[in-house]
Trainee: 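I am attaching a structure below and will ask some questions about it afterwards.
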Amino acid sequence: MPLLEIRNLTVEFTTAAGPFRAVDGVDATVDQGDVLAIVGESGSGKSVSMLAMMGLLPWTATITADRMSFDGRDLRNLGARERRKVIGRDMAMIFQEPMSSLNPCFTVGFQIKEALRQHLDLSRAERHTRALELLDLVGIPDPETRLKAFPHQLSGGMSQRVMIAMALSCNPRLLIADEPTTALDVTIQAQILDLLSDLQRDTGMALILITHDMGVVAETAQRVQVQYAGQKVEEQPVRSLFQSPHHPYTAALLSALPERATERRLPTIPGVVPGQFDRPQGCLFSPRCAFADDTCRKVDPPVQGEDMGFARCHYPIATPAKEATS
Amino acid sequence: MLRYFLSRLLTFVPTFLGVTLISFAFIRVLPGDPIIAMAGERGVTPERYAELQEQFGFDRPLIVQFWDYFTGVLQGDLGQSFVTRKPVWDEFFTLFPATLELSTCAIILAVVLGLPAGVIAATHRGKLFDRLLMSSALVGYSMPIFWWALLLIIVFSGNLGWTPVSGRIDLLYYFPNVTGFMLIDSLLSGQSGAFGSAVKHLILPSIVLATIPLAVIARQTRSAMLEVLSEDYIRTARAKGLAPARVNGLHALRNAMIPVVTVIGLMVGTLLAGAILTETIFSWPGIGKWMVDSIFRRDYPVVQGGLLLVAVMVMVVNLIVDLLYGLINPKIRKR
Ligand SMILES: Nc1ncnc2c1ncn2[C@@H]1O[C@H](COP(=O)(O)OP(=O)(O)OP(=O)(O)O)[C@@H](O)[C@H]1O
Ligand SMILES: [Mg+2]
């Protein structure tokens, strides 16, 4: 049984201008110890789908799914109180902006120990020891002093390490990292990613890594899931995705990639992700797709089989990318 | 922190000079003449008038009068009341506890009700409670104080007979003035019913005086909370699995308090201004009523000395608020 299983997750926001479907039938499966990367341009619903799972969306969001289970537990009808016992303990999340993700009014120590106190039955002294241990684990020097520091005294990289320490405090089975390095300097980015990889390997937890950076995907993940305009358009193991992308969107992302990606952002493809008001008929990618024909513009594409990387496309690319683009 | 404190203290000097000048000028720009006011209906002869003018020093140029006043102030001498011939200083401190008691009750009432109301309104944004609270805050803020006071008096004192109309305690109780605070003194006296009577006398004036600060604090708390609730660290707190009460009441409120404390500090000035009106309506024997009476009597030393003391008080409170602000905002504390 997979650790996390999501089938047909849909999130709709009620906005002043009417309903807006930010996530549209997304599937995801994560096994114990898996590393899954989710990539896609801004606005493709990556964060929203993960927040939906954590139960962190505002009340304007309507969440539906055929299946949404974590560790054998159905997340869909889990009461708020029950869910709070899961999140922060077995399922933790870190965010894009480490500097603003820590509460400026409380010390690092307070914020880490608070997570421990919420979920574990530890004495005060044990919590202190565990907090020191955690800071040490995420590579923060001089933990005793750092525990007393306020967030504004930390750099971005330091803050993200503290966030990671906090997320790991109760030994989660799944860590969701939502663009954990986007806001950081390039050199720090690599350090944080290495740290996450190491921690994942050492603890055996599962990791969902949301990112814009194909280079990060190649180095860190085992499987990749590509999302576009709220839909999952392709899913493959990393190696085969880079070798033979089946969805034209994935292919476009990869072909636009410069030699060995060190770019921070995804390469640009002409056009933009459709938003609330310019959702096309048929395939959502059709307006930007080089291969689109009338069928694509009228009929919703089917989801292909595993051999085609579950591509949501009428005409998935069968040949390896190198030949298709050359 | 010490440097922060000293720098705040330094800004006192120009403010203090300004306040001294303004308090001196204020009563003198009002039309009217203290000697005529003192003489009342009887009037005075021109000879007697000139004599009194000389006695009070009104015949000298204003600048000399100001200099006298100012050097007096620096030595802690605020002069004597024209009317009672008692030092302004003594009168002030006899009456001040009454005002302090009333203002303290009012501000406690405003904070104790306003903070939670603002928090609940923010966390239930757009719901019935939020709308009710925001409309009542608007009404409370814009309502004329004396009208509101009279309305309360008519209903609770007149129709229902629950509360007394004026004063600090029933005349049948008499006990020594130990702290000047009626609530404490009545308890110390051990007379049964005295404390209850003191509380009853305090209720209406406190409500009236608390109304505007309550409205302001509730609104300010709500808007500060709304801003804070959309911050990333609130999402982090929720992602830890913390209960909403802890997320809102600790993580959010602690940050929202930073602007709210500033507003509470500013309210102290408003409160003293409000106390003047409230005390007059409820015949509350505090400095508000004392100053209003003195203005009518053109009792120059009382008005200028009283104004100065009130202003210094507001300055001190603001200093305390600044320090408090430093305490709850770690970014300032560590500087
Ligand atoms: N609370 C909300 N109310 C309405 N719309 C929202 C809300 N939160 C997100 N959205 C919309 O949902 C869509 C998907 O947002 P999401 O944050 O999941 O994108 P993303 O893939 O994470 O992008 P990025 O890479 O920029 O983080 C966006 O168009 C966004 O505007
Ligand atoms: Mg995002």
Side-chain angles (χ1 to χ4, degrees), chain A residues 47 50-51 53-60 80-108 110-120 148-153 159-160 162-163 166-167 169-170 172 175-176 178 183, chain B residues 1 4 115 119-131 221-222 224-262 323-335:
Chain A
S47 302
M50 292 301 120
L51 291 172
M53 229 171 56
M54 296 279 290
L56 294 179
L57 287 174
W59 60 273
T60 50
R81 185 181 290 269
E82 289 303 308
R83 188 190 291 265
R84 287 202 299 270
K85 288 186 187 150
V86 177
I87 67 170
R89 181 194 172 110
D90 297 323
M91 179 162 50
M93 187 161 178
I94 59 173
F95 304 96
Q96 181 169 347
E97 297 285 346
M99 301 280 251
S100 57
S101 292
L102 289 170
N103 194 324
C105 282
F106 300 105
T107 61
V108 167
F110 178 90
Q111 297 188 56
I112 293 179
K113 290 173 192 171
E114 183 181 38
L116 293 170
R117 200 169 69 184
Q118 182 71 22
H119 298 290
L120 305 180
K148 291 189 210 97
F150 281 94
H152 71 270
Q153 298 165 308
S159 303
Q160 196 60 293
V162 170
M163 285 295 291
M166 213 151 78
S169 57
C170 306
L175 175 67
I176 303 167
D178 188 353
Chain B
M1 191 71 189
Y4 174 68
L115 273 185
V119 171
I120 295 173
T123 51
H124 295 71
R125 181 185 197 175
K127 305 264 173 65
L128 186 65
F129 178 83
D130 182 27
R131 292 186 197 183
T221 307
R222 176 183 180 271
M225 279 293 288
L226 282 180
E227 205 176 308
V228 168
L229 283 175
S230 63
E231 294 283 349
D232 287 347
Y233 53 77
I234 296 303
R235 189 182 52 192
T236 307
R238 292 171 59 215
K240 283 193 215 173
L242 302 180
R246 190 168 169 99
V247 175
N248 297 328
L250 185 74
H251 283 264
L253 185 59
R254 184 66 188 268
N255 285 277
M257 277 310 286
I258 295 170
V260 172
V261 162
T262 314
L323 294 181
L324 222 78
Y325 186 87
L327 275 183
I328 60 173
N329 189 348
K331 285 187 198 168
I332 287 191
R333 191 187 337 166
K334 292 285 172 176
R335 245 198 329 248

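Throughout, a chain's letter reflects where its sequence line sits, starting with A, and its residues are numbered from 1.
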Trainee: Under 4.5 Å heavy-atom distance to chain B, tell me which part of A:I94 shows up: side chain, backbone, both or neither.
Mentor: neither

Trainee: Counting only non-hydrogen atoms closer than 4.5 Å, does A:L57 touch chain B with its backbone (N, CA, C, O), its side chain (CB onward), both, or neither?
Mentor: backbone

Trainee: What part of A:R117 gets within 4.5 angstrom of chain B, counting heavy atoms only: side chain, backbone, both, or neither?
Mentor: side chain

Trainee: Relative to chain B, which of A:M93, A:Q111, A:M91 shows the most heavy atom pairs under 4.5 Å?
Mentor: A:Q111

Trainee: Is A:A115 in contact with chain B via its backbone, its side chain, both, or neither, using a 4.5 Å heavy-atom distance?
Mentor: both

Trainee: Side chain, backbone, both or neither: which part of A:M99 has a non-hydrogen atom closer than 4.5 Å to chain B?
Mentor: neither

Trainee: Apply side chain to side chain donor-acceptor pair (under 3.5 Å) to B:T123 and list each qualifying residue two or more places apart in sequence or on a separate chain.
Mentor: none

Trainee: Go through A:E114, A:R89, A:K85 and name the one with the most non-hydrogen pairs under 4.5 angstrom from chain B.
Mentor: A:E114

Trainee: Report the distance from atom CZ of B:R235 to atom CD of A:E97, rounding to the nearest 0.5 Å.
Mentor: 9.0 Å

Trainee: Determine yes or no for a side-chain-to-main-chain donor-acceptor pair under 3.5 angstrom, with B:D232 supplying the side chain and A:S100 the backbone.
Mentor: no

Trainee: For A:L102, is it the side chain, the backbone, both, or neither that has a heavy atom closer than 4.5 Å to a heavy atom of chain B?
Mentor: backbone

Trainee: Closer than 3.5 angstrom, by distance alone: can the side chain of A:S101 be matched with the main-chain N or O of B:T236 as a donor-acceptor pair?
Mentor: no

Trainee: Taking side chain to side chain contact (heavy atoms under 4.5 Å, CB included) as the test, write out the residues that go with B:A252, two or more places apart.
Mentor: B:M225, B:V228, B:L229, B:I234

Trainee: For chain A, which residues from residues 237-246 of chain B lie under 4.5 Å away (heavy-atom distances)?
Mentor: B:R238, B:A239, B:K240, B:G241, B:L242, B:A243, B:P244, B:R246

Trainee: Should we say atom CD of A:E82 is surrounded by more than 12 heavy atoms from elsewhere, each under 6.0 Å from it?
Mentor: yes

Trainee: Please find the pair of heavy atoms, one from A:F110 and one from B:L250, that lie closest to each other, and give the distance.
Mentor: CZ-CD2, 3.8 Å

Trainee: Can you name the salt bridge (Lys or Arg N to Asp or Glu O under 4.0 Å) partners of B:K127, sequence neighbours left out?
Mentor: none

